[in-house]
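The structure appears below as structure tokens.
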Amino acid sequence: MRVAVIDLGTNTFHLLIAETTGNQPEVLYKTNVPVKLGEGRINDNIIIPAAFERGVNCLKTFSQTIAEYQVSEVRATATSAVRSAENGQDFVDAVKERTGINIETISGDEEAELIYQGVKLSGAITKISLIMDIGGGSVEFILCDPEKLIWKKSYNIGAARLMQQFFKSDPITDEEKNAILFHIQNQLADLFEICEKYHPEILIGSAGAFETFAELIIRKNNLKADIKTAKTFAFNFDDYIATSIKLLNATHKERAEMPGMTPLRVDMIVIAALITNYVLGRTKINQLTLSTYDLKMGVLVSLI
């Protein structure tokens with residue numbers, strides 16, 4: 001059976017088309033588009049008109065590709081930007097009317113479950129682990145071991161939300177960093193409680209910002225690794241810390257010129273580094289792995 005998965009993230013829309021005959025799905029096509037649905041007023045719970053139109057037009061293009069591949073089943077999931085927006089349902093209705101695509105707006109809990117299923121498929125979970133998925137609107141944390149999911153939760157502390165609320169200077173100031181950390185430490189109290197109980201040994205970063213961290217390190221050190229084809233990438237912890245500190249101290253222009261940086265993440269990567277470093281410090285984890293499999297692959301698993 002040929003299936004299509006559409007992931008409508010706050011920053012990026014993804015399309016994945018796969019053949020599901022046999023045990024392992026074969027990916028035939030994948031793309032992503034920086035739609036920036038959360039641009040401008042995500043903290044006001046509004047999809048602004050320009051972002052609304054970008055989203056619909058992107059899905060028109062996805063619809064044409066799906067038709068070309070003669071897909072028999074489509075699952076489109078919308079996350080934080082759509083579920084929190086007052087005009088989120090208007091967007092879902094407009095997409096249905098103008099593209100024929102039915103969008104399912106999933107809860108943060110469902111999002112975390114699908115991320116877990118995707119990461120599990122990558123083979124990254126080899127010991128008690130904390131999975132972290134940094135989106136534009138929300139951040140999901142999943143505590144698990146190789147056999148089971150132990151605990152999961154979605155928090156509205158995504159990179160676009162924090163950037164719009166706190167990140168006004170170039171480079172980011174200590175005052176802005178401290179404001180962000182104060183905000184997230186209050187939000188994440190229950191996460192640190194559960195980690196105190198289970199002591200995860202490794203942080204698994206689910207795609208997104210963690211792919212950018214990996215690309216920056218691979219390019220800087222001339223490593224023989226390809227994030228586009230790899231399921232996982234094990235970070236050298238010292239390399240990650242050095243890279244994150246460099247990102248936090250750099251100007252917008254300096255970050256934009258770093259080999260491996262994508263335009264969408266030039267500013268949001270600062271927020272991602274800040275959150276990641278804080279979580280690593282609070283949980284005393286010193287192992288970090290990337291899973292390139294994320295929510296999209298979790299949705300694909302649900303279709304098989």
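Computed from a predicted model, the values in this text were never measured in an experiment.
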Just verifying a value: how many Å separate [X] [atom1] and [Y] [atom2], rounded to the nearest 0.5 Å?
X      : Y      : atom1 : atom2 : answer
Asn57  : Arg98  : CG    : CZ    : 6.5 Å
Tyr116 : Ile131 : OH    : CD1   : 7.0 Å
Leu16  : Asp7   : CG    : CG    : 10.0 Å
Arg75  : Asn102 : CZ    : CG    : 12.5 Å
Glu201 : Thr126 : CD    : OG1   : 8.5 Å
Lys120 : Ile115 : NZ    : CD1   : 15.5 Å

Within the side chain of [X], is there an N or O that forms a donor-acceptor pair under 3.5 Å with the backbone of [Y]?
X      : Y      : value
Gln164 : Gly38  : yes
Asn221 : Leu223 : no
Arg83  : Ile106 : yes
Asn43  : Arg161 : yes
Ser244 : Ile241 : yes
Thr105 : Ala78  : no
Thr20  : Pro25  : no
Arg255 : Ala250 : yes
Thr79  : Leu8   : yes
Thr251 : Pro171 : no

Just by distance, with hydrogens left out, do [X] and [Y] show a side-chain donor and acceptor under 3.5 Å apart?
X      : Y      : result
Asn32  : Thr12  : no
Ser291 : Ser122 : yes
Glu113 : Gln117 : yes

Over 12 non-hydrogen atoms of neighbours within 6.0 angstrom of [atom1] in [X]:
X      : atom1 : value
Lys246 : NZ    : no
Lys30  : NZ    : no
Glu196 : CD    : no

How far apart are the closest heavy atoms of [X] and [Y], and which atoms are they?
X      : Y      : result
Ala160 : Thr10  : CB-CG2, 4.4 Å
Arg219 : Gly260 : NH1-N, 3.4 Å
Leu247 : Ile269 : CD1-CG1, 3.8 Å
Ile285 : Pro200 : CG1-O, 3.4 Å
Gly208 : Arg265 : CA-NH2, 3.3 Å
Val5   : Lys296 : CG1-O, 3.8 Å

Can you get from [X] to [Y] by hopping between Ile, Leu, Val, Met, Phe, Trp and Tyr side chains that sit under 4.5 Å apart?
X      : Y      : result
Val71  : Met1   : no
Ile217 : Val266 : yes
Leu295 : Val33  : no
Leu288 : Ile202 : no
Leu59  : Ile47  : yes

- Message: The test is side-chain contact (heavy atoms from CB on, under 4.5 Å); show your working for Met163 and Ile42 and say whether it passes.
- Response: CA-CA 10 Å; Met163 197 169 79; Ile42 189 169; over 6 Å; no
So do the side chains of [X] and [Y] get within less than 4.5 Å of each other, counting heavy atoms only?
X      : Y      : value
Ile227 : Ile218 : yes
Met132 : Leu130 : no
Ile128 : Ile150 : yes
Ile17  : Thr65  : yes
Ile194 : Phe141 : no
Phe235 : Thr243 : no

- Plane angle bin for His183 and Phe166 - parallel if under 30°, tilted between 30 and 60°, otherwise perpendicular: tilted
- Task: Any chance you could lay out the side-chain contact (heavy atoms from CB on, under 4.5 Å) test for Asp190 and Tyr155, step after step, and finish with the verdict?
- Result: CA-CA 11 Å; Asp190 52 352; Tyr155 299 85; 2.7 Å; yes
- Item | Qualifying residue, where the test is side-chain contact (heavy atoms from CB on, under 4.5 Å) with Ile184 and the options are Val279, Val139, Ile275 | Ile275
- Item | Single hit among Asp145, Ile204, Thr289, Thr232 for side-chain contact (heavy atoms from CB on, under 4.5 Å) with Ile125 | Ile204
- Test log, rule side-chain contact (heavy atoms from CB on, under 4.5 Å), inputs Ile66 and Ile6: CA-CA 10 Å; Ile66 287 165; Ile6 301 173; 3.8 Å; yes
- Message: For Leu121 and Leu300: C-alpha separation, side-chain torsions, deciding distance, then whether side-chain contact (heavy atoms from CB on, under 4.5 Å) applies.
- Response: CA-CA 10 Å; Leu121 193 66; Leu300 183 58; 5.8 Å; no
Residues forming a side-chain contact (heavy atoms from CB on, under 4.5 Å) with [X], sequence neighbours excluded:
X      : value
Ala112 : Glu140, Ile142, Lys152
Glu39  : Lys36, Ile48, Arg54
Asn286 : Phe237

- Would you call Lys96 and Asp93 a salt bridge, using N to O less than 4.0 angstrom? no
- Contacts satisfying ring-ring contact (aromatic ring centres under 6.0 Å, His included) that involve residues 47-91 (not counting sequence neighbours) are Tyr29-Tyr69, Phe52-Phe91
- Query: Does the ring-ring contact (aromatic ring centres under 6.0 Å, His included) test come out yes or no for Phe192 and Tyr278, once each step is laid out?
  - Reply: CA-CA 11 Å; Phe192 299 127; Tyr278 182 69; 5.7 Å; yes
- Query: Looking at residues at least two apart in the chain, or sitting in another chain, which of them share a salt bridge (charged side-chain N to carboxylate O under 4.0 Å, His left out) with Lys253?
  - Reply: Glu257
- Note on the structure: Residue set satisfying salt bridge (charged side-chain N to carboxylate O under 4.0 Å, His left out) with Asp170, at least two apart, ordered chain then number -> none
